[in-house]
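Shown next, in structure tokens, is the structure this report addresses.
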Amino acid sequence: MPSSEPSLKTFQRHIAEQQRQHATATGEFSWLLSGITLATKMIAAQIRRIGLGDLRGAAGGQNVQGETVQKMDRYADDVILDCLGYRDTVGIMVSEENDEPVITKNVDGEGKYVVLFDPLDGSSNLDCNVPVGTIFAIFSRLGDPSSRGSDPHADILQPGSRMLAAGYVLYSSSTVLAYTTGDGVHMFTLDPAIGAYVLSSEHVRMPARSPIVSCNEGNAGSFPPEVLAYLAWTKTKAAGPYAARYIGSLVSDFHRTLLMGGVFLYPPTEKQPKGKLRLLYECNPMAFLAEQAGGLASDGQQRILEKTPHSLHERTPFYVGSRDEVATVLSFVSGQRR
Ligand code: P6P
């Protein structure tokens, strides 16, 4: 007799089931996503043994962000570009590690998707075993093959509200894939025994409020006064007070916020007057996930997903988390509260 245990649901099966619910969906999308799952399994395998192989430490040189490139940054970037590059449906790829977009051979044919990604966010933490992550966002290119212009930037610089899918893979005590296609947030844990992402949580909801604040207050010396007023308030008995939790690795801080609630802030600073985090492949995907889980994501003035990007690597102030917690931050940032 077959076991009464529910059969495991892999990521591929979950995507296939989701596609059956959307008549227009075709297998192309699951083929594209399988490029991301394959690449992240390869990245996870290397991270699990970092320090034993020759992928530890800096590769030398700086990326477009002016950050020191780690060997694992380069490895992760190469693997994702390779695994996605031979998916015929991918026409354009944008990576945090590359100054310019990568145009695939399918750009004038069936390459109708744009994939933007941060191949290994937080990689400067790798040498001390802090969890890091891969972040991705997927858009459809504008128009049809016959009407598309030659400039890929029109397809890339779309507001986040047009995203088809977004997600991240967190390489931590376990390797977890979280993603959304606009029908809730679902999580899969990589089972090393079978090499598959297996469903672990469906329709994840972010708590509406939770007294956890996640912010690098080392930058407080140059925070806007409204942000300082909010942070001071969180330390009062009237507020709770709040617990401070900050890992310094966006995917880790976001994953905790998604599951336990609270608010993550990366405000403008003197060194980064537009904020540090990148709009296209960090804040947009996280904002899509946050809103799909019942949370909010803002730059302090507007929804992150409403922003129209003007350049590939532009930065933005970022306030994301529980609906009521972000609303409280915005009440200070807007000057309503002091
Ligand atoms: P800070 C990692 O370098 C990163 O891009 C994000 O993963 C993280 O949230 C942020 O920077 C941390 O920045 O200035 O607090 O070290």
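This structure is a prediction, so every number in the text was calculated from the model and none was measured. Ligands are counted one by one from 1 in listed order, and the atoms in each one are counted from 1 as well.
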Q.
Before you tell me yes or no, could you show the steps for Arg278 and Glu96 under salt bridge (Lys or Arg N to Asp or Glu O under 4.0 Å), namely the whole-Å CA-CA distance, both residues' side-chain angles and the distance that decides it to 0.1 Å?
A. CA-CA 9 Å; Arg278 276 62 55 136; Glu96 191 237 17; 3.0 Å; yes

Q.
side chain to side chain donor-acceptor pair (under 3.5 Å), that's the test. Do Thr134 and Tyr171 meet it? Break it down for me.
A. CA-CA 8 Å; Thr134 296; Tyr171 309 103; 2.7 Å; yes

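Atoms of ligand 1 lying under 4.0 Å from any heavy atom of Ser249, numbered from 1 in the order shown and given with element: 7 (O). For ligand 1, the atoms sitting less than 4.0 Å from at least one non-hydrogen atom of Arg278 are 5 (O), numbered in the order shown with element in parentheses.
Side-chain contact check for Arg256 and Ser214: at least one donor-acceptor pair (N or O, by modelled atom type) lies under 3.5 Å. In summary, the side chains of Tyr197 and Thr40 do present a donor paired with an acceptor at a separation below 3.5 Å, with no hydrogens or angles considered. With 3.5 Å as the limit, one finds a donor-acceptor pair spanning the side chains of Ser34 and Arg87.
The shortest N or O to N or O distance between Asp121 and ligand 1 is below 3.5 Å. Checked by distance only, ligand 1 and Tyr266 come closer than 3.5 Å through their nitrogen or oxygen atoms. Annotation: Leu250 places an N or O atom under 3.5 Å from an N or O atom of ligand 1; distance criterion only. Some N or O of Asn216 is nearer than 3.5 Å to an N or O of ligand 1, by distance alone.
Look at Glu291 and Arg303 and you find a salt bridge, because one of the NZ, NE, NH1 or NH2 atoms lies within 4.0 Å of a carboxylate O, short of that distance. Under a 4.0 Å N-O distance rule, the pair Lys307/Asp299 qualifies as a salt bridge. Salt bridge status for Lys235 with Glu217: present, with a side-chain N to carboxylate O gap under 4.0 Å.
Looking at Glu217 against ligand 1, nothing comes within 4.0 Å, counting heavy atoms.
Within the 4.0 Å heavy-atom cutoff, Lys271 does not count among the residues contacting ligand 1.
Ranking the protein heavy atoms by distance from atom 16 (O) of ligand 1 puts Lys276 NZ, 3.8 Å first. When only non-hydrogen protein atoms are considered, atom 2 (C) of ligand 1 lies nearest to Gly122 CA, 3.8 Å. Of all protein heavy atoms, the one lying nearest to atom 15 (O) of ligand 1 is Tyr246 OH, 2.6 Å.
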